[in-house]
**Student:** 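Before we start, here is the structure in question, set down as structure tokens.
So you know, we letter chains A, B, ... as the sequences are listed, proteins then strands, and number each from 1.
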Number of protein chains: 2
Amino acid sequence: MTMQKIRLAVDAVVFGYDRQYTQIGLLLIKRKIEPFINQWALPGGLVHNEESLEEAVSRELQEETGVTINYLEQLYTFGTPNRDPRNRVVSVAYFGLVRPDMFTLHASTDALEAEWFEIHNLPPLAFDHQQIIDIALERIRSKVRYEPIGFELLEEKFPFSDLEKLYTTLLQEDIDRRNFKKKLMSLGVIEELQEHYTSGAGRPAKLYRFNRKEYFELKEMGGNFSI
Amino acid sequence: MTMQKIRLAVDAVVFGYDRQYTQIGLLLIKRKIEPFINQWALPGGLVHNEESLEEAVSRELQEETGVTINYLEQLYTFGTPNRDPRNRVVSVAYFGLVRPDMFTLHASTDALEAEWFEIHNLPPLAFDHQQIIDIALERIRSKVRYEPIGFELLEEKFPFSDLEKLYTTLLQEDIDRRNFKKKLMSLGVIEELQEHYTSGAGRPAKLYRFNRKEYFELKEMGGNFSI
DNA sequence: ACAAAAGTGTTGCCATTACACCCATGC
DNA sequence: GCATGGGTGTAATGGCAACACTTTTGT
């Protein structure tokens with residue numbers, strides 16, 4: 001058997017939530033090398049010899065976009081022989097979530113262009129990255145229903161309406177405000193704070209906070225987060 | 001940057017269901033090369049340059065065990081730098097399901113020893129394979145609740161009690177026979193045949209068959225398989 | 001006073017659960 | 001006729017969905 005000539009890469013599908021415009025954002029970079037030079041693509045790159053896959057993702061994200069990731073999870077590994085036109089590259093895709101304060105990119109970092117795109121209005125993408133994104137979207141949409149990952153897209157303290165809007169935006173379906181709150185509060189993993197937030201118009205909203213500790217206890221007892 | 005020295009492998013966690021003893025079986029091979037020579041391990045090996053990951057899994061399974069796989073799904077990619085004591089090997093793990101007729105191994109194939117083990121009575125395993133198996137078990141247990149993969153472990157035509165026993169065995173919890181059947185039949189994806197099966201003792205059982213076509217139609221319409 | 005957003009309870013329905021006896025066959 | 005496994009219905013409960021008006025603030 002001949003020597004294996006397969007390169008291993010990682011790619012990151014990073015989502016953010018834009019409270020202002022109630023949109024799901026996706027982080028892309030513009031490639032500055034061939035192939036697909038000057039096209040938009042997912043942040044990512046080859047894995048170094050001594051780093052773990054997660055370290056590789058974080059490093060590439062830092063180098064290419066300056067974004068700090070809040071939640072990272074392995075998505076799927078793409079290994080079709082010709083997904084890269086030059087060499088064989090197998091890529092382990094991750095999906096990540098970032099907080100709203102990351103939404104204004106410090107484009108300063110390094111040379112590459114990095115930008116947020118509205119999830120339903122993406123430019124043409126390099127490689128099979130559109131497919132990867134589709135899978136990531138599917139995953140986040142189903143996962144958000146039975147694990148409390150939505151909070152990773154919000155500020156630590158948030159008005160309940162933010163959470164509600166996040167869910168409607170992500171799932172593209174209407175939610176009954178009363179039922180939604182009832183259900184979430186009944187789990188006992190969200191605490192009501194004594195602070196308020198005023199957005200400029202309308203009645204000020206109480207702020208809430210997700211309690212990770214309570215959530216782990218819930219899980220220990222066989223309880224389930226579920227929307 | 002120095003040349004990347006990472007090898008890419010695949011491993012397969014293959015489950016079977018033993019009707020006789022109502023046990024979940026796991027397929028293992030005995031390694032005949034270092035490292036971990038003579039230890040039990042998951043079937044798997046390095047990916048060839050021009051084959052897809054799925055092809056690699058099927059090939060290795062065929063070479064090492066002779067088993068024909070009925071369902072194959074990517075599980076997770078394991079990439080910790082030192083999971084293989086010699087070189088860095090990143091492994092894409094798959095989990096597979098086989099039909100009961102595969103359960104009697106044609107051990108004839110090739111030289112390697114391949115054997116079924118009861119899932120709760122495994123020998124010490126090479127590498128991080130125990131961890132991979134744990135994750136696979138978790139996955140199959142949760143997946144069997146909301147996707148009709150249980151049928152992939154049974155004969156095409158099966159008595160309802162087989163399905164019921166498979167679920168109790170897998171999920172380790174009791175099931176009410178009447179409610180279970182009611183629920184499954186109400187989905188309209190299982191057809192009752194006019195054939196009967198007699199196991200030697202007791203009343204003969206009607207045979208049933210999972211109807212893939214109906215299932216896809218159900219899914220199109222937004223319906224859900226769920227136990 | 002009006003516009004904008006937040007807050008709040010009750011009712012009906014359907015899905016899930018709990019539960020036990022008779023039936024068909026082989027020996 | 002007895003042992004073995006298969007087959008079947010009903011009633012109670014609880015979780016989920018549907019539903020609209022009042023409150024607080026800024027302008």
**Student:** Could you tell me whether the side chain of A:R99 and the main chain of A:L153 form a donor-acceptor pair under 3.5 Å?
**Tutor:** no
**Student:** Strictly distance-based, threshold 3.5 Å: is any side-chain N or O of A:H129 a donor or acceptor partner for the main-chain N or O of A:A41?
**Tutor:** no
**Student:** Starting at atom NZ of B:K181, determine the distance to atom P of D:dG5, rounded to an integer number of angstrom.
**Tutor:** 18 Å
**Student:** Send over the distance from A:F180 CZ to C:dA6 C1', rounded to a whole Å.
**Tutor:** 15 Å
**Student:** To the nearest angstrom, how far is A:H196 atom NE2 from D:dT23 atom P?
**Tutor:**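 Rounded to whole Å, this separation is 17 Å.
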**Student:** Rounded off to whole Å, could you give me the OH-to-P distance for the B:Y197 and D:dG6 pair?
**Tutor:** 10 Å
**Student:** For the side chain of A:A205, starting at C-beta, report the closest nucleotide among C:dA6, D:dG7, C:dT8.
**Tutor:**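 Out of C:dA6, D:dG7, C:dT8, the nucleotide with an atom closest to A:A205's side chain is C:dA6.
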**Student:** Can you work out whether A:T198 or A:D176 has the more 5'-proximal nearest nucleotide on DNA chain D?
**Tutor:** A:D176
**Student:** Tell me which residues in residues 146-169 of chain B put a heavy atom below 4.0 Å from DNA chain C, sorted by number, or none.
**Tutor:**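 The stretch gives none, as no residue of it lies under 4.0 Å from the strand.
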**Student:** Got a list of protein N/O to nucleotides 1-4 of chain D N/O distances below 3.5 Å?
**Tutor:**
from: D:dT4; atom 1: O2; to: B:G202; atom 2: N; distance (Å): 3.1

**Student:** Once rounded to the nearest 0.5 Å, what's the spacing between atom CD of A:E55 and atom CD of A:E60?
**Tutor:** 12.5 Å
**Student:** Taking the side chain of A:P204 as its heavy atoms from C-beta onward, which of D:dT25, D:dA20, C:dA24 lies nearest to it?
**Tutor:**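 Minimum distance to the A:P204 side chain belongs to D:dT25.
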**Student:** Please state how far atom CD1 in A:I175 lies from atom P in D:dC19, giving the value in whole angstrom units.
**Tutor:** 17 Å
**Student:** I want to confirm an ordering. Mapping A:G200 and B:E192 to their closest nucleotides on DNA chain D, which one lands closer to the 5' end?
**Tutor:** B:E192
**Student:** Is the backbone N or O of B:F225 less than 3.5 Å from a side-chain atom of B:Y215, with the two atoms forming a donor-acceptor pair by type?
**Tutor:**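 No: the side chain of B:Y215 does not pair with the backbone of B:F225.
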**Student:** What I want to find out is whether A:E155 reaches A:R19 closely enough, with some N-O distance under 4.0 Å, to be called a salt bridge.
**Tutor:** no
**Student:** Grab the CG-P distance between B:N179 and D:dA12 for me, whole Å please.
**Tutor:**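 B:N179 atom CG is separated from D:dA12 atom P by 16 Å.
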**Student:** Sort and list the pairs that fulfil salt bridge (charged side-chain N to carboxylate O under 4.0 Å, His left out) and have at least one residue in residues 211-227 of chain A, not counting sequence neighbours.
**Tutor:** A:E152-A:R212
**Student:** Taking N or O atoms only and anything under 3.5 Å, show me the protein contacts with nucleotides 11-16 of chain C, one pair per line.
**Tutor:**
none

**Student:** What I'd like to find out is whether the side chain of B:D128 reaches to under 4.5 Å of the side chain of B:T80, using heavy atoms alone.
**Tutor:** no
**Student:** Starting at CD1 of A:I190 and ending at C1' of C:dG7, how long is that distance when rounded to a whole Å?
**Tutor:** 16 Å
**Student:** Find out whether A:I132 and A:Y76 are in side-chain contact, i.e. whether some heavy atom of one side chain is under 4.5 Å from a heavy atom of the other.
**Tutor:**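 No. Closest side-chain heavy atoms not under 4.5 Å.
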**Student:** Under the criterion ring pair (Phe, Tyr, Trp, His ring centres under 6.0 Å), which of B:F117, B:W116, B:F127 is the partner of B:W40?
**Tutor:**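 Running ring pair (Phe, Tyr, Trp, His ring centres under 6.0 Å) over B:F117, B:W116, B:F127 with B:W40 returns exactly one hit, B:F117.
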**Student:** Quantified as the angle between the terminal helix axes (five pairs each), what is the overall bend of the helix from C:dA1-D:dT27 to C:dC27-D:dG1 to 10 degrees?
**Tutor:** 0°
**Student:** In this structure, how many angstroms lie between the P atom of D:dA17 and the CG atom of A:L184, rounded?
**Tutor:** 13 Å
**Student:** Only counting residues at least two apart or in another chain, list the ones meeting salt bridge (Lys or Arg N to Asp or Glu O under 4.0 Å) with A:E173.
**Tutor:**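 Residues passing salt bridge (Lys or Arg N to Asp or Glu O under 4.0 Å) with A:E173: A:R145.
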**Student:** So does B:R178 reach the base of C:dA18 with its side chain, donor to acceptor, closer than 3.5 Å?
**Tutor:**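 It does not, because no donor-acceptor pair links the side chain of B:R178 to the base of C:dA18 below 3.5 Å.
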